[in-house]
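All chains are named by letter (A, B, ...) in the order of the sequence lines, taking the proteins before the strands, and each is independently numbered beginning at 1.
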Amino acid sequence: MPFSSPLFIFVFLPFVVAGHYLVPRGFQNAFLLFASIVYYVFTDIPHLLPVICLIAINYKFGLMLSCQQKPDRQRLYLAIAVIFNILVLVYFKYSTFIVENVNVVAGWLGLSAITIQNIGAPLGLSFIVFQIIAYLNDSYNEITKPQRNIAGFALFVLFFSKITAGPIIRHSEVSESLSSRTVSLDDFVYGLKRFIIGVSKKVLIADVLAKTVTPFFALPQHELAPGAAWLAVLCYSLQIYYDFSGYSDMAIGIGRMLGFTFRENFDNPYRARSLTDFWRRWHISLSTWLRDYLFLPLSYALTTEGVRKKIASGSFKSKYVTAVSILIVFTACGLWHGAAWTFVVWGMLHGVILGIESLWLAKAMKSWWRPLQHIYALVVIMAAWVLFRSPSVDFAVSCLKTMAFLPSAPTPLNTDISDTLTRELLTTLVIGIVCIAPVRSIVSTLEEKYGESLPIVRACFQPYVVGGIACTCYLTLLILSLAALSSTTYNPFLYGKF
Amino acid sequence: MDLLERLNEVFCEVFDDDELRITPGMTANDVEGWDSLSHVNLIVAVESRFNIRFSRKEIVGLKNISDLLACIRSKVQQ
């Protein structure tokens, strides 16, 4: 049941929100847990039981970690718990990929192939496992107290608002809200507004752009032409942002309507000035997870006594260690996104560029002309998205060659894209690009500069006028989104398969 | 040379800025270039300079420079 579906918007969500406020306070968590189970049943019933088992086992792990006083034992329990969760993820998500690659090697060696039944991954497993690993580590490091209430813990993991595609929430952010929460009218209205924005981003922008992107990436490699390639990659860059940030807005909005405050997951990522800056703005709950639970521990682990001696003697710098660590972390990040070589190579590419930035480029870029920094960042990000979206690494390489106007096909093709550039696409592209611009700061600069001198500008910025305009906008967006939803069944939710 | 001055020297080296002057209340937000990448370099440099080791729990618990100073002080005095 995707968020942007009539069933969710007209039936499930109103019922859950109303029910949450009608049931007695002591039953609110149980009600939300029940609603989350219903949501899971609607979306992925075959995997409900394995996920419930996973929750029960990790609830026990959390309690065991807190009871254990001896540090060595504690560390051992943490290691066992983390490895267990990783193995669960590997089993459900990567078995098929591993077996496929083992069979390729077996083929080279003349051995017979292994067959394996196709194991589908439970809904949101990648997010669930990462969230649980964060919880176990935070309990161990005493950043958060373990959740003693099993319904509370189950809700923390299964909460329907963030189950499909995050944000990856930390227990410390929601532990207070889990025990008691009050929702002001302001909070509720804020949540509703975020939800409307999220639906609009998904339905009015992302889904429209998808209609150009999907056919292009389904083309045979020899039919790729530069104009079409650039258009498709531009559309995809916007599509993935609006799709995923729209989903995050919906998740955050629903959470807020029900009394939970999740951290922001996006911060205008396409305004980044480097790839390092991009990762502070894109999928923030993931990049902070990678930093806290993979990058930092790995970096310290790689800084062995031998390495420290070399650093002390001046023959080695600790930033070489962090550069290697970054490469490993982002390769893992790529793999986390999907069990395919395109994702692994995407991650490695990010890792290599981030490593180069950390060693030298970031410092050199500080003196660059600022627009050039932005262009560099966008070119790198968009080129990497080609890998992320392509059906194979070969296709991605052909596409990148085509975009660089290098011949990748025997006969150059007609680059006429005027048929693809429909009015709908052009409008959506323009809106998509404009909304990435710093609209709010431009508006407040206008207000500062002209508010005093021009009465009409001052009038427009009066609170009731602003409120009225905003309300009309939200209503319009909601109506347009619902109209678009009811007129089409095309609902490609990109991050849903992670 | 007191602890703060010695720590300041380490900061100057790690962040390549001889003008840098740290104060106990400062956090990562107050020092340009202090992100998770340079944080590792900083911790390793501090450990090397003062000949101490921080545990994972201790590193995670460091919120600002006065926390770092207190942690160094407790280990150096041992």
Side-chain angles (χ1 to χ4, degrees), chain A residues 71 74-75 78 134 137-144 172 274-277 279-280 287-305 307-314 316-327 329 354-360 362-363 366, chain B residues 1 3 5-20 22 26-72 74-76 78:
Chain A
Q74 250 200 336
R75 251 198 310 270
L78 178 66
N137 272 283
D138 287 351
S139 299
Y140 170 79
N141 283 316
E142 291 165 16
I143 293 171
T144 191
S172 50
S274 65
L275 201 59
T276 313
D277 192 19
W279 279 104
R280 292 192 197 110
S287 64
T288 49
W289 189 99
L290 290 169
R291 177 195 65 199
D292 293 339
Y293 305 105
L294 190 54
F295 172 73
L296 290 173
L298 180 63
S299 300
Y300 293 122
L302 289 175
T303 317
T304 57
E305 284 307 320
V307 169
R308 283 173 197 269
K309 286 201 178 98
K310 282 193 186 156
I311 293 171
S313 73
F316 202 78
K317 292 205 166 104
S318 66
K319 62 180 181 176
Y320 301 157
V321 173
T322 48
V324 168
S325 188
I326 277 274
L327 178 60
V329 168
L354 288 167
I356 293 172
E357 284 186 7
S358 77
L359 287 172
W360 152 74
K363 208 168 167 190
K366 273 195 186 132
Chain B
M1 205 189 297
L3 207 57
E5 280 173 16
R6 287 167 69 192
L7 186 60
N8 200 92
E9 274 185 2
V10 178
F11 268 76
C12 290
E13 272 174 40
V14 170
F15 296 104
D16 209 6
D17 180 4
D18 292 327
E19 314 294 318
L20 187 57
I22 54 167
M26 280 166 98
T27 65
N29 290 334
D30 303 315
V31 179
E32 209 204 312
W34 190 354
D35 56 22
S36 40
L37 288 140
S38 53
H39 188 71
V40 177
N41 302 332
L42 177 69
I43 294 291
V44 168
V46 167
E47 287 175 331
S48 167
R49 173 64 65 93
F50 294 97
N51 205 17
I52 55 176
R53 285 287 178 274
F54 296 112
S55 71
R56 284 284 296 135
K57 274 192 191 178
E58 283 167 339
I59 294 172
V60 163
L62 298 172
K63 295 281 171 287
N64 53 32
I65 294 202
S66 75
D67 284 349
L68 181 57
L69 278 168
C71 208
I72 297 169
S74 68
K75 290 175 176 295
V76 161
Q78 276 168 10

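For chain B, no part of A:Lys309 is nearby; none of its heavy atoms comes within less than 4.5 Å. When heavy atoms are compared at a cutoff of 4.5 Å, A:Leu354 does not approach chain B at all. With a 4.5 Å cut-off on non-hydrogen atoms, B:Glu58 does not touch chain A at all. Only the side chain of B:Val60 has a heavy atom closer than 4.5 Å to any heavy atom of chain A.
With sequence neighbours left out, the salt bridge (charged side-chain N to carboxylate O under 4.0 Å, His left out) criterion links A:Lys363 to B:Asp16.
Other residues, nucleotides and ligands place no more than 12 heavy atoms under 6.0 Å from the NZ atom of A:Lys317.
For A:Phe295 against B:Val40, the heavy-atom pair with the smallest separation is CE2-CG2, 3.9 Å. Minimum interatomic distance between B:Arg56 and A:Leu296 (heavy atoms only, all atoms of both residues): NH1-CB, 4.3 Å.
Among the residues in residues 47-55 of chain B, those with a non-hydrogen atom closer than 4.5 angstrom to a non-hydrogen atom of chain A are B:Glu47, B:Ser48, B:Arg53.
Distance check: A:Thr276 OG1 to B:Leu37 CG gives 7.0 Å after rounding to the nearest 0.5 Å. Between the OG atom of A:Ser358 and the CG atom of B:Asn41 there is a distance of 8.5 Å, given to the nearest 0.5 Å. Put simply, CZ on A:Arg291 and NE2 on B:His39 are 9.5 Å apart, with the number rounded to the nearest 0.5 Å.
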